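Okay, so here's the structure we're looking at.
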Amino acid sequence: MEKMSIKRFGVWSRLTALSLLVAIPLAACGNSSNQSGSADAAKEGGGPVTLTMLYSESGSPFNKDWPIYKELQARTNVKLDLQVVPESDYQSKAKIVLSSDKIPDLVTNINQSNVLELGGTGVLLPISDYMDKLPNLKKRIEEFKMEDELENWKSPDGKLYVLPFLTQSASYNRSPMIRTDLLEKYGLKAPTNTDELYTVLKKMKEMNPGSYPFTGTSADDLRSMWGAAWGIEPSYKGFIFNEQTGKYEYIYTSENYKKYVSYLNKLIKEGLADPELFTSNYDQMHQKLSTSKSMFYFFWNGEEISNINLLGKKNTGPEFKMAMLPPIAGPAGEKALAGTRIDRGTVIPASAANKPYFEDLLKFADYLYSDEGIDLLTWGIEGDSYVVKEDGKKEFTDKMKQSENLNRALWDIGSANGSFTLVWPFKWFATILGNEDFEKYTEEANKNNWFTLAAKVPKLSTDQKDEESLMIAGVNDYYAKMQEQFVYGKMSIDQEWDSYVKEIHAKGVDKLLDIYNSTLK
């Protein structure tokens, strides 16, 4: 059975839209269920309430006969009238819909930038004004301790305009990975910090002269996965809020960032890092790793480790073994980037408050955060796709476990659907991955405080957003160009650093700092 990669999980749940909306009216499904937690959406003695929804099609193609989809409608006594949109270019298409005079009752998979841009403009319903009608959502926010992260989704008026997609726990889903069979063969200990990593890479290079031990795919990927250990991630577009000073700072001119590019430059100069560290595609990286041209990298784990081990055993031999490591400590210590536990959500138009079925709409939305709703939309239907054991733990049925791809098997019944599922429990997620190291390291990460907090997002007004957009692209382009120049030794860090700092501040960093810090007053 193929396991689901964390990366795929992020991709499946990330959206973008297309050039055409296809409206698909659906038939009413069944009668109201009296199960605990079900939304009592129907008027007394009446039929199902019809709710319209902009739906992002990802995973398996939408199917109105999915058992989970039918069950969701039956339990809530709601008829869903969907506008199905392929995931390509979804965000831009959703913005067009939200700018029209025909906004569906529920618009799914809206990203943070769109929520912040539209929040407070009168287009979206202020969800925070109706928390008394959303007890299950309120319960999840408190249970998962999401209050601080939700602050990043609030508009300058202090209100929340989104039904957030909630991941229960930060996960150790991006990590350093190394050839543990070679560590054993060469008598090496697994590296725990940058000095030890350098020593290990030197030995691997010595034993494999034609290799470049450290490989990767892109500068952004590497920095996002290792930057927390250097104190340079997470950031908001390169800006970090300093709790001690109470102000924003630009992190890519900091001393720690200078140490980071200097370290990578040293590895490049000594042949310990791949000359294509920032430019390899995934297939090229896998080929290098599976043939002992490289032995260490940072990447999404989960299914990735299974795949690379299968390929390595084929290309190198049965002894090949790639395994996860705890964070490689840097100047900021042993840190891993957790990433945000909220990366999108569903919005409701403000006009819905005047609809006769508004209370029913809120009840349906709240059902998605209920115990019953969460179980239905992740595990599926009890007795069919999962069972509850005597100790209360859930496990998938043999039918599901014996499928070629558990993730796709769930998609094909309408479960694990990125438009309906708004809560993702950690134990379910770990079960899907089927990787004991992932669960073990995630527990260790939470226990030992490896995870960093999400970056503080400045609350910008419309005018401030316009000012930001005029400068941020130029700043980011120059930063990316100079990072590559410094790491690959095309420009001297010792000789050119000061001019780099001066130039990037002149390109807009100083003005952006003024904007971001003005939001704190």
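Any value given below was found using the heavy atoms of this structure, including those in side chains, with hydrogens, waters and symmetry copies removed. Given the structure is predicted, the values throughout are model-derived calculations rather than measurements.
Between E484 and K490 there is a salt bridge, with a side-chain nitrogen of the basic residue lying less than 4.0 Å from a carboxylate oxygen of the acidic one. Note on K321 versus E184: no salt bridge recorded, every NZ/NE/NH1/NH2 to OD/OE distance being 4.0 Å or above. Under the 4.0 Å criterion applied to side-chain N and carboxylate O atoms, R174 and D221 are not assigned as salt-bridge partners. At a threshold of 4.0 Å, the pair E439-K427 counts as salt-bridged, since one of the basic side-chain nitrogens sits closer than that to a carboxylate oxygen. Between K447 and E444 there is no salt bridge, since none of the side-chain N atoms of the basic residue sits less than 4.0 Å from a carboxylate O of the acidic one. Under 4.0 Å is where a charged nitrogen must lie from a carboxylate oxygen, and between K399 and D384 at least one such pair does. The residues E117 and K95 are annotated as salt-bridged, a charged nitrogen and a carboxylate oxygen being separated by less than 4.0 angstrom. Comment: D181 does not engage K313 in a salt bridge, judged by the lack of any side-chain N to carboxylate O separation of less than 4.0 angstrom. Looking at E270 and K202, a side-chain N of the basic residue comes within less than 4.0 Å of a carboxylate O on the acidic one, giving a salt bridge.
Taking the ring pair (Phe, Tyr, Trp, His ring centres under 6.0 Å) definition, one finds that W226 meets it with W230, Y263, F298, sequence neighbours left out. In this structure N309 satisfies the side-chain hydrogen bond (donor to acceptor under 3.5 Å, both in side chains) test with no other residue, sequence neighbours excluded.
Considering every non-hydrogen atom in both G271 and P213, the closest pair reads O-CD, 3.8 Å. The shortest heavy-atom contact between A170 and T442 is O-CG2, 3.4 Å. Closest approach of G380 to S385, counting heavy atoms only: CA-OG, 3.2 Å. A pairwise comparison of heavy atoms in I141 and L150 identifies CD1-CD1, 3.4 Å as the closest pair.
Within the 4.5 Å cutoff, no side-chain heavy atoms of K394 are placed close to those of V387. Looking at I308 and H286, their side chains come closer than 4.5 Å, going by heavy atoms from C-beta outward. For the pair L368 and L377, the minimum side-chain heavy-atom distance is below 4.5 Å. When side chains are defined from C-beta on, F396 counts as touching I432, because their heavy atoms get closer than 4.5 Å. Using a 4.5 Å heavy-atom threshold, the side chains of P164 and L137 count as touching. Under the 4.5 Å side-chain criterion, counting only non-hydrogen atoms from C-beta, M322 is not in contact with M295. Contact check for L160 versus W153: side-chain heavy atoms found under the 4.5 Å cut-off. Residues E71 and L376 are in side-chain contact: their nearest non-hydrogen atoms beyond the backbone lie under 4.5 Å apart.
Here the two rings, on F438 and Y172, have centers that are 6.0 Å apart or farther. Taking the six-membered ring where the residue is Trp, the centroids of Y516 and Y236 are separated by under 6.0 Å.
When only modelled atom types and interatomic distance are considered, R223 and Y252 share a side-chain donor-acceptor pair under 3.5 Å. Of the N and O atoms on the side chains of N109 and S56, not one donor lies less than 3.5 Å from an acceptor on the other residue. Y488 and Q483 share no side-chain donor-acceptor pair at under 3.5 Å. Side-chain atoms of N208 and Y186 form a donor-acceptor pair, as typed in the model, at a separation below 3.5 Å. Defined by atom type and a distance below 3.5 Å, a donor-acceptor pair is missing between the side-chain atoms of N315 and T291. T421 and N417 share no donor-acceptor pair across their side chains, judged by distance under 3.5 Å alone. No side-chain N or O of S218 forms a donor-acceptor pair with one of D220 less than 3.5 Å apart. In summary, the side chains of R179 and S292 do present a donor paired with an acceptor at a separation below 3.5 Å, with no hydrogens or angles considered. Side-chain polar atoms of Y500 and Q485 form no donor-acceptor pair below 3.5 angstrom.
Q284 places no side-chain N or O within 3.5 Å of a backbone atom of S280 that could act as its donor or acceptor partner. Between the T108 side chain and the L54 main chain, a donor and an acceptor come within less than 3.5 Å of each other. Judged by distance alone, the side chain of R140 and the main-chain N or O of Y369 form a donor-acceptor pair under 3.5 Å. Listed for the K154 side chain is no donor-acceptor partner under 3.5 Å among the backbone atoms of L116. Checked by atom type and distance alone, the side chain of T378 pairs as donor or acceptor with a backbone atom of I374 at under 3.5 Å. Within the 3.5 Å criterion, the main-chain N or O of F426 finds a donor-acceptor partner in the side chain of Q168. Judged purely by atom type and a 3.5 angstrom limit, E249 has no side-chain atom pairing as donor or acceptor with the backbone of I240. Distance alone, capped at 3.5 Å, is enough to place a donor-acceptor pair between the Y248 side chain and the K456 backbone. A donor-acceptor pair under 3.5 Å is absent between the side-chain atoms of D274 and the main chain of F214, judged by distance alone. Counting only distance, with no hydrogens or angles, the side chain of N152 and the backbone of A455 share a donor-acceptor pair below 3.5 Å.
The aromatic rings of Y260 and Y257 sit tilted relative to each other, their planes meeting at an angle between 30° and 60°. The aromatic rings of Y55 and F420 are tilted relative to each other, their planes meeting at an angle between 30° and 60°.
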| query | Which is it for E319 and K185 under the salt bridge (Lys or Arg N to Asp or Glu O under 4.0 Å) test, yes or no, and what are the steps along the way? | reply | CA-CA 10 Å; E319 72 285 352; K185 180 179 180 180; over 6 Å; no

| Worked check of side chain to side chain donor-acceptor pair (under 3.5 Å) between S254 and N256 | CA-CA 5 Å; S254 68; N256 277 352; 5.8 Å; no

| Intermediate values then yes/no, side chain to side chain donor-acceptor pair (under 3.5 Å), Y282 and Q287 | CA-CA 9 Å; Y282 296 143; Q287 184 66 21; over 6 Å; no

| CA sep, side-chain torsions, deciding dist, call: F165, W424, ring pair (Phe, Tyr, Trp, His ring centres under 6.0 Å) | CA-CA 8 Å; F165 164 109; W424 305 86; 5.6 Å; yes

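Around atom CG of L453, no more than 12 heavy atoms belonging to other residues, nucleotides or ligands sit under 6.0 Å away. The local environment of CD in E436 is sparse, with at most 12 non-hydrogen atoms from other residues, nucleotides or ligands closer than 6.0 Å. Counting heavy atoms of neighbouring residues, nucleotides and ligands inside a 6.0 Å radius, atom CG of D65 exceeds 12 of them. The local environment of NZ in K393 is sparse, with at most 12 non-hydrogen atoms from other residues, nucleotides or ligands closer than 6.0 Å.
Here the CD-CG distance, from E382 to D375, works out to 8.5 Å after rounding to the nearest 0.5 Å. Atom CE of M177 sits about 7.5 Å away from atom CE of M324, to the nearest 0.5 Å. Here NZ of K293 is found 11.0 Å from NZ of K288. Values are rounded to the nearest 0.5 Å. To the nearest 0.5 Å, the span separating CG on D412 from CE on M400 amounts to 8.5 Å. Put simply, CG on L264 and CG on L222 are 6.0 Å apart, with the number rounded to the nearest 0.5 Å. Between the CD atom in E304 and the CG atom in N301 there is a gap of 8.5 Å [rounded to 0.5 Å].
Remark: K205 qualifies as a cation-pi partner of Y212 under the 6.0 Å distance and 45° angle criteria applied to the six-membered ring.
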